[in-house]
Engineer: 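The structure that follows is given in the form of structure tokens.
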There are 2 protein chains.
Amino acid sequence: MKARQESLEQSLARHGVKPTPQRLEIAALMLREPCHLSADQVMAQLREAGSGVSKATVYNTLHLFSSQGLLREIAVDPSRLFYDSTTTPHHHIYNEDTGELVDVLPDELEVSRLPQLPAGTDAHCLEVVIRVRNQRK
Amino acid sequence: MKARQESLEQSLARHGVKPTPQRLEIAALMLREPCHLSADQVMAQLREAGSGVSKATVYNTLHLFSSQGLLREIAVDPSRLFYDSTTTPHHHIYNEDTGELVDVLPDELEVSRLPQLPAGTDAHCLEVVIRVRNQRK
DNA sequence: GGGTAGAATAGACTCTGTCTAAACTCGGAC
DNA sequence: GTCCGAGTTTAGACAGAGTCTATTCTACCC
């Protein structure tokens, strides 16, 4: 546990994030293993674990982590933002019936041609979402 | 104007939508020419044109149109849903700084390999979004 | 110890979207 | 013409995600 904590601290520090107790709690939850969580799911898990971290801090921290490259935001469900702990390029399958989000590894999907970008803009991220639904009987 | 109205009516009818005055107003706005609008933008334009269509009707109508294939929903901005009047397969460039949404024609972007879908699911839609930002000086 | 900058907090607030219950519309039956 | 009923529209209440603000807390530096 100590080692895990220390490596999380190092990981925050490496991304220029000062490790506070609240940030470490959230990091422990999001960065321990690959996951896709929305802010309210993070809140719920913190509450369940008996933590008293406030809503504003959760939002601030998730934003901070995203801007520092520790997390990636995924706009797949218009009603809420998901945070993805995998920050290397990859894509997603989104089940519209269950809300489940599955990673697609980069070698499973290939985008072979790209359009010209509008003048004065830089590409920031390429996001491919395959929307699926449960099969109807 | 008369001809335009009639063709909108036909277009609604062809998609199994009973043409009411409110639906025709919204159709005139969304289907006249290719556009990307959010529900509140539709509301604002209706208000500006002096229409008194209610919020609930705007949401109901946009949902109805989407479910009947007259419009397509685009989840590109987590804070609101956009409706796209182009329903044929195509992709988008989204400017995160300005909120501007630009169409990418199917021959400008090619997805050449696709992953296996989870068992029990059917693909419903493939959405590619290229997120761009204005160039920093 | 005092000062200060950054971080955390509660709670009010905004905004998008949904729900509900009532009113309206319009076609068909009588 | 009147009645009825299904579908549509409406206002306003409501819900949920996310933001803002003003205050409090913490930690570090002098």
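Throughout, a chain's letter reflects where its sequence line sits, starting with A, and its residues are numbered from 1. Both backbone and side-chain heavy atoms feed into the values below; hydrogens, waters and symmetry mates do not.
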Engineer: For the residue pair B:Ser51 / B:Glu25, report whether a side-chain donor-acceptor contact shorter than 3.5 Å exists.
Structural biologist: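 Side-chain D/A pair, B:Glu25 to B:Ser51: present.
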Engineer: Residues from residues 71-87 of chain B sitting under 4.0 Å of DNA chain D, heavy atoms only?
Structural biologist: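 Result for residues 71-87 of chain B: none.
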Engineer: Is the side chain of B:Ser112 donor-acceptor paired with the backbone N or O of A:Glu110 at a distance under 3.5 Å, no angle test?
Structural biologist: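 Here the side-chain-to-backbone pair exists.
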Engineer: Measure from CE on B:Met43 to P on C:dC15 and round the result to the nearest Å.
Structural biologist: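 After rounding, the reported distance stands at 13 Å.
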Engineer: What's the CG-P distance between A:Leu37 and D:dA17, to the nearest Å?
Structural biologist: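 Rounded to the whole Å, the gap is 14 Å.
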Engineer: Can you list, in residue-number order, the parts of residues 55-66 of chain A that come under 4.0 Å of DNA chain D, counting heavy atoms only?
Structural biologist: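 Those residues whose heavy atoms fall under 4.0 Å from DNA chain D, taken from residues 55-66 of chain A in numerical order, are A:Lys55, A:Ala56, A:Tyr59, A:His63.
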Engineer: Kindly say whether B:Leu62 contributes a backbone atom to a donor-acceptor pair with the side chain of B:Ser66 at under 3.5 angstrom?
Structural biologist: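 The answer is yes, because a donor-acceptor pair under 3.5 Å joins these two groups.
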Engineer: Does a side-chain heavy-atom distance below 4.5 Å link B:Val111 with A:Leu109?
Structural biologist: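 B:Val111 reaches A:Leu109 side chain to side chain.
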Engineer: Return no unless some side-chain N or O of A:Gln22 is found under 4.0 Å from OP1 or OP2 of D:dT26.
Structural biologist: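 For D:dT26, neither OP1 nor OP2 has a side-chain N or O of A:Gln22 closer than 4.0 Å.
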Engineer: Quick check: does any side chain N or O of B:Arg72 sit under 3.5 Å from a backbone N or O of B:Thr86, one acting as donor and the other as acceptor?
Structural biologist: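 Side chain of B:Arg72 to backbone of B:Thr86: no pair is present.
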Engineer: Please work out which residues in residues 44-51 of chain A have a non-hydrogen atom less than 4.0 Å from an atom of DNA chain D and list them by number.
Structural biologist: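 Residues of residues 44-51 of chain A under 4.0 Å from DNA chain D: none.
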Engineer: I'd like to know if the side chain of A:Arg131 and the backbone of A:Val76 have a donor-acceptor N/O pair within less than 3.5 Å.
Structural biologist: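 Side chain of A:Arg131 to backbone of A:Val76: a pair is present.
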Engineer: Which pair of non-hydrogen atoms, one from B:Pro115 and one from A:Val104, has the smallest distance, and what is that distance?
Structural biologist: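 Closest approach of B:Pro115 to A:Val104: CG-CG1, 3.7 Å.
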Engineer: For B:Arg23 and C:dC24, what is the distance between atoms CZ and P respectively, to the nearest whole Å?
Structural biologist: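 One finds 19 Å between P of C:dC24 and CZ of B:Arg23, rounded.
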Engineer: Please determine, for the side chain of A:Lys18, which listed nucleotide (D:dT10, C:dA8, C:dG6) has the closest atom?
Structural biologist: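 That would be C:dG6.
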Engineer: Rounded to the nearest 0.5 Å, what separation is found between the CD1 atom of A:Ile130 and the CG atom of A:Asn95?
Structural biologist: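 Nearest 0.5 Å value for the CD1-CG distance: 12.5 Å.
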Engineer: Under a 3.5 Å distance rule, please check whether A:Arg23 uses its side chain to pair with a backbone N or O of A:Lys18 as donor and acceptor.
Structural biologist: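 Yes; judged by distance alone, with no hydrogens or angles, the pair exists.
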Engineer: What distance separates A:Asn60 CG from A:Ser54 OG, expressed to the nearest 0.5 Å?
Structural biologist: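 So the gap between those two atoms works out to 7.5 Å.
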Engineer: Between A:Arg47 and A:Val53, is there a donor-acceptor pair closer than 3.5 Å when you use the side chain of the first and the backbone of the second?
Structural biologist: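 Yes, because the side chain of A:Arg47 sits within donor-acceptor range (under 3.5 Å) of the backbone of A:Val53.
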